[in-house]
Amino acid sequence: MENPMQIGMIGLGRMGMNMARRLVQGGHEVLAFNRSPAKTDQLAAEGGLATYSLKEFVSRLEPPRTIWIMLPAGTPVDEHIKQLTGMLDRGDLIVDGGNSNFKDDIRRAEQLKTMGLLYADAGVSGGIWGLTVGYCTMVGGPAEAYERLRPALDTLAPPEGHLHCGAVGAGHFVKMIHNGIEYGMMQAYAEGFALLEASPYGKGMDFGEVAHLWNQGSVVRSWLLELAETAFAQDGRLEGIAPYVEDSGEGRWTVDQAVELGVSAPVLTLSLMERFRSRDEGAFADRLLAALRNQFGGHAIKKSGE
Ligand SMILES: O=C(O)[C@H](O)[C@@H](O)[C@H](O)[C@H](O)COP(=O)(O)O
C-alpha cells in the first residue's frame with residue numbers, strides 16, 4: 001500500500017462492513033464503531049480496530065480525524081453528527097457515505113463550518129458486490145476534503161471509480177440521479193420481459209437465455225441485465241417472489257428535483273409510480289375507473305370476488 005491512512009468508520013451494516021473490510025484489506029488503519037459490538041468484533045478479527053463507544057472511537061483517532069459515517073439516511077446520521085461535534089477538533093472531517101438527501105448535506109456542512117469542521121458527502125454505488133468489484137464513489141464538498149480522502153477512495157473504488165463532483169451536496173445529488181436512472185432502466189427491462197412473457201412465444205422461452213443473449217454485444221447489454229440472468233437462473237418465472245417493490249427515497253428525491261427544476265423526466269417519474277402501484281392491493285383508483293365506465297356507458301363491472 002503506497003499511502004495508507006487512518007480512517008474511522010461508524011456503522012457496520014451491509015454496506016459499511018464490506019467497505020471497512022475493503023479498506024482493511026487495502027492496508028489502511030480502520031477504527032470502527034457500531035451500535036452492536038458483535039459486528040465490531042467481527043471486523044477486528046479481520047484486522048480492523050474495535051471501539052465500543054463514540055468517546056473511545058474519537059479519542060483513538062489522530063487529529064485531524066477522518067470519520068466516515070455509513071448509516072441509514074436521516075435521523076441516525078444527524079444524531080451521530082450531533083454527538084460527535086462536542087468531541088471533535090477543528091480541521092476534523094466528517095463524511096456521510098449513506099444515501100442521504102443533498103439538502104441535508106448543505107445544512108450539515110454550514111453548521112459544521114461554524115465549528116471549524118469539514119464535511120463531505122459521498123454517494124456510494126455497488127451494493128453487496130462492492131467488496132470484490134469496488135465501490136463507485138461520488139464525492140461532494142471542499143477539494144481539501146476530497147484530497148484527504150483520496151487514499152481511502154483509491155482503495156474503495158475500482159480504477160477511475162471516484163470523482164469529486166463539486167461543492168457540498170454534489171456527491172449525493174449525482175448519486176440520487178444515478179438511482180433515478182437505475183429505476184428507469186430496471187422498469188424498462190421489467191416491461192420488456194413482461195411483454196415477452198405475455199406473448200405467444202413466452203411460454204417456452206428461457207428468459208435467462210434471452211438476457212444472456214442480449215448481453216453479448218447488444219445495445220441494451222448491462223450489469224442490470226447480467227443480474228437479470230442470475231435472477232432467471234435462480235427462478236425461471238420468478239414465482240417465489242411477490243410482485244411488491246420497495247423504494248428507499250432517492251427515486252422520490254429525483255422526481256422532486258424534476259419538479260423543482262422544471263425538467264421533464266417522465267420515465268424516471270413513472271418508474272417510481274409503478275413501484276407505488278406494485279404495493280396497491282386495494283387498487284381503489286381501478287375500482288373508480290370501472291365504476292365510472294359503468295355509470296356513463298353502462299359497461300359491465302366485474303364484481304369483487306368474481
Ligand atoms: O447504486 C447502488 O448501489 C444502489 O442504488 C444502492 O444505493 C441501493 O441498492 C439503493 O439504495 C436501492 O434503492 P431503492 O430501495 O430506492 O430501490
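Just so you know, ligand 1 is whichever comes first in the structure, and atom 1 is the first atom listed for that ligand.
- Residues satisfying the salt bridge (Lys or Arg N to Asp or Glu O under 4.0 Å) criterion with Arg60, sequence neighbours excluded, are Glu56.
- A salt bridge between Asp280 and Arg277 is absent, with no side-chain N of the basic residue lying under 4.0 Å from a carboxylate O of the acidic one.
- Aromatic rings from Phe232 and His212 are positioned such that their centres are separated by 6.0 Å or more.
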Short N or O separations between ligand 1 and the protein, below 3.5 Å:
residue	atom	partner	partner atom	Å
ligand 1	1 (O)	Ser125	OG	2.5
ligand 1	3 (O)	Ser125	OG	3.4
ligand 1	3 (O)	Gly126	N	2.9
ligand 1	3 (O)	Gly127	N	3.4
ligand 1	5 (O)	Asn179	OD1	3.2
ligand 1	5 (O)	Asn179	ND2	3.0
ligand 1	5 (O)	Glu182	OE1	2.7
ligand 1	5 (O)	Glu182	OE2	2.9
ligand 1	7 (O)	Asn99	ND2	3.1
ligand 1	7 (O)	Lys175	NZ	2.7
ligand 1	11 (O)	Asn99	ND2	3.0
ligand 1	15 (O)	Ser248	N	3.2
ligand 1	15 (O)	Ser248	OG	2.3
ligand 1	16 (O)	Tyr183	OH	2.5
ligand 1	16 (O)	Ser248	N	2.9
ligand 1	17 (O)	Arg275	NH1	2.7

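- By the side chain to side chain contact (heavy atoms under 4.5 Å, CB included) test, Thr230 pairs with Gln234, sequence neighbours left out.
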Check residues 198-205 and write down every donor-acceptor pair under 3.5 Å in which the side-chain atom is one partner and the other belongs to a residue at least two apart or another chain.
residue	atom	partner	partner atom	Å
Ser199	OG	Leu196	O	2.8
Ser199	OG	Tyr201	N	3.2
Ser199	OG	Gly202	N	3.2

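- The six-membered or imidazole ring of Trp214 lies away from that of Tyr189, with a centre-to-centre distance of 6.0 Å or more.
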